[in-house]
Number of protein chains: 2
Amino acid sequence: MSDGGRQSSGEDLLFLTDDQLRKGIEAMFFAYRGFTADPDRILADKGYGRAHHRAIHFINRAPGTTVNNLLSILGVTKQSLNRVLRTLIEDGLVESRVGSRDKRERHLFLTEDGAALERELSTAQRERMRGAFRQAGPAAVSGFKQVLEAMMDAEMRRHYTRLKEHG
Amino acid sequence: MSDGGRQSSGEDLLFLTDDQLRKGIEAMFFAYRGFTADPDRILADKGYGRAHHRAIHFINRAPGTTVNNLLSILGVTKQSLNRVLRTLIEDGLVESRVGSRDKRERHLFLTEDGAALERELSTAQRERMRGAFRQAGPAAVSGFKQVLEAMMDAEMRRHYTRLKEHG
DNA sequence: ACTTTATGTCAGCCTTGTTGACATTCCAAG
DNA sequence: CTTGGAATGTCAACAAGGCTGACATAAAGT
């Protein structure tokens, strides 16, 4: 087995023991369920799933984004995304405009209805996050974000930081 | 819209602005992908999925647990869990023993092979977590756990804290 | 003209969630 | 003791949403 769990090196490394890491892993698992629970409930009522939420979220964040860009943010195949986008367009929540510069591209926008659903979902999710942040306090929130950022793959961190500095 | 985004109340509430919450939400989304990436790769090779990982993890954490208990931890239907357990049992990674007291119950254990896969998966996931923890430092890790715990539903927090204090 | 890029679509597969129906076992009330 | 309900777990069938592969179209780039 790995020697990663050793607890003495002269420095203060108690937070890197296997047991501490295990707690972090389980915290992440249980917390993610809470994180998605509220939007999931709203979506289930309307016959959508988490995939629709993700598409709506990032179209809202970067209106006019192309399918390809969305693909790279979401990390799914175009077939998979296309199925979701098709239903959102059919239902009038998303509008797809042919690019003016490059007519191969489709630029995606939320319609009024789409924006309304986005607000409903993000408000629910934000309230959960707000409760957790308030309870934990500003210092904890800062640590929370540091650890999460360090946990991302390089490409995801790229997307994250780009969106972070306003998109 | 909610007034949650206001930034002034006399106190230091800048960390609760809608924009800060949005960053937290996106951090959670991107980080969770990194969190599951390494085990997912290992599992795909062996023809298993994330659901198998979850079952293996919690059986390892609480050997002899019943199906019902596992159900409540995982938050899925018994039918869904059953399918996963069946393949794990068929493949000789998990052993299911009929309860001695109550013969309706099945008590679950990892076999040698099951324990070996568990180690492979948890080592990979722990290394990712270790890298993130090390990079962020002990204070950040403490905040990370505080926020995650505050984000859980009550029932999940029950499971989490029970497991936390060694199980 | 030819190739590459961006997108969409069809078909088919897998995992993993769901509900419904059913078997077994336990326990408690009559 | 029996019987009916509750708890536990299994089997079957369906849906969402991942995936791959093949192919069509249109626009750009060379």
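Chain A is the first sequence line, chain B the second, and so forth, proteins listed ahead of strands; every chain is numbered from 1.
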Figure out the CZ/C1' separation between A/Arg86 and D/dG18, and round it to whole Å. 15 Å
B/Glu95 side chain to B/His107 side chain, donor-acceptor N/O pair below 3.5 angstrom: no
Reckon A/Asn68 has a side-chain N or O less than 4.0 Å from the OP1 or OP2 of C/dT7? yes
Calculate the interatomic distance between A/Leu108 atom CG and C/dT7 atom C1'; express it in whole Å. 11 Å
Measure CG/B/Leu88 against C1'/C/dT15 and give the value in whole Å, please. 13 Å
For the pair A/His53 and A/Glu118, evaluate side-chain hydrogen bond (donor to acceptor under 3.5 Å, both in side chains) and give the outcome as yes or no after the intermediate values. CA-CA 8 Å; A/His53 183 188; A/Glu118 194 284 329; over 6 Å; no
D/dA15 C1' sits how many Å from A/Leu43 CG, rounded? 16 Å
Tell me: CG of A/Asn82 to P of D/dC19, nearest whole Å? 13 Å
With distance as the sole test, does A/Arg128 use its side chain to make a donor-acceptor pair with the main-chain N or O of A/Phe35 at under 3.5 Å? no
How long is the line joining CG of B/Asp40 and C1' of C/dT15, in whole Å? 11 Å
Contact string for nucleotides 17-29 of chain C, one letter per nucleotide 5' to 3', B = base within protein heavy-atom range under 4.0 Å, S = sugar-phosphate only, - = neither, reads BBBB----BS---
note: A/Arg33, atom CZ; C/dT16, atom C1'; distance rounded to Å ~ 14 Å
What pairs of donor and acceptor atoms, side-chain ones from residues 67-78 of chain A against any protein atom, are under 3.5 angstrom apart with sequence neighbours left out?
from	atom 1	to	atom 2	distance (Å)
A/Asn69	ND2	A/Thr65	OG1	2.7
A/Ser72	OG	A/His159	NE2	2.8
A/Thr77	OG1	A/Ser80	N	3.3

Between A/His52 and D/dA16, does any side-chain N or O lie under 4.0 Å from OP1 or OP2? no
Under 4.0 Å between a Lys/Arg side-chain N and an Asp/Glu carboxylate O for B/Glu149 and A/Lys23? no
With rounding to the nearest 0.5 angstrom, report the CG to CE distance, B/Leu16 to A/Met129. 11.5 Å
Rounded to the nearest angstrom, tell me the gap between atom CD1 in A/Ile89 and atom C1' in C/dG8. 10 Å
